[in-house]
Protein chains: 2
Amino acid sequence: MARTITDDHILEAALHVLATKGYAGATTREISAAAEINEVTLFRRFGNKKNLLMAAVEQEVENFQAGKIEYTGDLEGDLRRIVQFYYDLMRKRGHVLSMLMSEVPRQPELAEVMQTPMTIVQKITRIIERYQNEGALEKESPVDAFVSLVGPLFLGGIINFLQPQTLQSSLEPDEMVRRYLNGRATK
Amino acid sequence: MARTITDDHILEAALHVLATKGYAGATTREISAAAEINEVTLFRRFGNKKNLLMAAVEQEVENFQAGKIEYTGDLEGDLRRIVQFYYDLMRKRGHVLSMLMSEVPRQPELAEVMQTPMTIVQKITRIIERYQNEGALEKESPVDAFVSLVGPLFLGGIINFLQPQTLQSSLEPDEMVRRYLNGRATK
DNA sequence: TTAGATTGCAAGTACTTACTTGCATAAATT
DNA sequence: AATTTATGCAAGTAAGTACTTGCAATCTAA
């Protein structure tokens, strides 16, 4: 018979368990339960746990597409699109992102997979550098300029995750760009 | 005989293994090896793995002391001390911090321990709020103002950890405060 | 020096994990 | 209708885990 269970279905379940339980905590038993299939099917399809998890992460990372991000000459608009990209990413895949960032050092094979997201970072730093060279942005390390732009989103996401009650971050892309360019001191 | 092995010595080893391998990966065998003691000693002292790891984290978190941080009326100076505090924290305990942030959701008992660091955050947001009310800082959610101030340090630390070769963040507290207040647009 | 407490060592228990094997069943292809 | 192929189920293996127990060696305080 042809396959009645799609790889996508399995990988989706695997990624979900991986994001919530971490690499070590993502047991094949739990993944099979989440996908509502037999545990043996996982091994027949993917061979071993490592292959399965890597396939799940690879598929997910492919979707981190920063299509709209490029140099247009409109500094504020470009920055807004960059921030909006990471804003959406944190909303939709925040738990995957933070899982990746904490697991990569322990799971060397994940490092390869991270190259795709890192390509996006490099692309953005090049855009920032161009605006610096034009004189629209103050000169500084482009990597520093990048983490200054989107770093708040990451910490905000983590804090919201840790303390859903009292402390809540509610950053808005437009405001972020405005303050990134003009600062917070009253004039 | 009195103890020849101090609790401190054990907790130090436990924290190191915990920070590098994560909660699940921090096996009692590995901790005992790192402390160069017998595995049984761990259980005789701390009862079980959970108690041991919690004690290690608690002791570490006690040291997150933000003594110098308070309202002085000097906005730039206060911001500098806040940034410097997290700058040092990332340098010295960055791996512990990122381990904590990723493990807390999975290990509910860690949530209690996180209250100490969160107290510091609350203290800082109150200082920021006061400067906002004075009119020295633009009004915005104090939590957002906080994550905007120190968020770049966290993302920078993570990126440096993930990609030690190409992309490197080298933020400096003084510059961070300057740009936090005045922005990056050329005037 | 003696007595009590602390440690190391060897062995073992109960549990979980990744992964395998054999067989029966069900579904799609031919 | 017959054959191929994917799946479920039951059972089992080997390894690692947290944790326990008993005993002998060792060190400190008295």
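Proteins get letters first, then strands, A, B, ... in listed order; numbering begins at 1 in each.
The distance from atom CG of B:Leu42 to atom P of C:dT6 is 16 Å, rounded to the nearest whole Å. For A:Leu52 and C:dT17, the CG to P distance is 15 Å, given to the nearest whole Å. Taking atom CD1 of A:Ile31 as the reference point, atom P of C:dC19 lies 11 Å away to the nearest angstrom. Rounded to a whole Å, the CZ atom of A:Phe46 is 10 Å from the P atom of D:dT7. Note: NE2 (A:His9) to C1' (D:dA6) measures 15 Å, nearest angstrom. The nearest whole Å value for the distance from the CZ atom in A:Arg45 to the P atom in D:dT5 is 15 Å. Between the P atom of C:dA28 and the CD1 atom of A:Ile5 lies a distance of 12 Å, rounded to the nearest Å. Computed from coordinates, the A:Ile10 CD1 to D:dA6 P distance equals 12 Å when rounded to whole Å.
Distances shorter than 4.0 Å separate some side-chain N or O of A:Thr41 from OP1 or OP2 on D:dG8.
Ranking C:dT17, C:dG8, D:dT17 by closeness to the A:Arg29 side chain, first place goes to C:dT17. Each of D:dC27, D:dG8, C:dG8 was ranked by its minimum atom distance to the side chain of B:Thr4; first place goes to D:dC27.
Sorted by residue number, the members of residues 19-27 of chain A with any non-hydrogen atom under 4.0 Å from DNA chain C read A:Ala26, A:Thr27.
Across all non-hydrogen atoms, the minimal contact from B:Ser169 to A:Asp144 is OG-OD1, 3.0 Å.
Applying the ring pair (Phe, Tyr, Trp, His ring centres under 6.0 Å) test to residues at least two apart or on different chains, none of the pairs has a partner in residues 43-63 of chain B. For residues 93-103 of chain A, the side-chain hydrogen bond (donor to acceptor under 3.5 Å, both in side chains) pairs, not counting sequence neighbours, are A:Glu60-A:Arg93. Residue pairs meeting the side-chain hydrogen bond (donor to acceptor under 3.5 Å, both in side chains) criterion with at least one member in residues 63-82 of chain B, sequence neighbours excluded: B:Tyr71-B:Glu134, B:Thr72-B:Asp78, B:Asp78-B:Arg81, B:Asp78-B:Tyr131.
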Let me see the working for B:Asn133 and B:Glu129 under side chain to side chain donor-acceptor pair (under 3.5 Å), right down to the final yes or no. CA-CA 6 Å; B:Asn133 290 334; B:Glu129 202 169 10; 5.2 Å; no
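The six-membered or imidazole ring of B:Tyr86 lies away from that of B:Phe64, with a centre-to-centre distance of 6.0 Å or more.
Under a hydrophobic clustering in which Ile, Leu, Val, Met, Phe, Trp and Tyr are joined whenever their side-chain heavy atoms come within less than 4.5 Å, directly or via other members, A:Leu162 and A:Leu100 fall into the same cluster.
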Between the protein and nucleotides 19-23 of chain D, are there any N/O to N/O pairs under 3.5 Å, and if so, what are the atom names and distances?
unit_1, atom_1, unit_2, atom_2, d
D:dC19, OP2, B:Lys49, N, 2.5

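Judged purely by distance below 3.5 Å, without hydrogens or angles, the side chains of A:Thr28 and A:Glu39 pair a donor atom with an acceptor atom.
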Report, one line per pair, each donor and acceptor closer than 3.5 Å where one atom sits in a side chain of residues 108-121 of chain B; sequence neighbours left out.
unit_1, atom_1, unit_2, atom_2, d
B:Glu109, OE2, B:Tyr23, OH, 3.1
B:Thr119, OG1, B:Gln115, O, 2.8

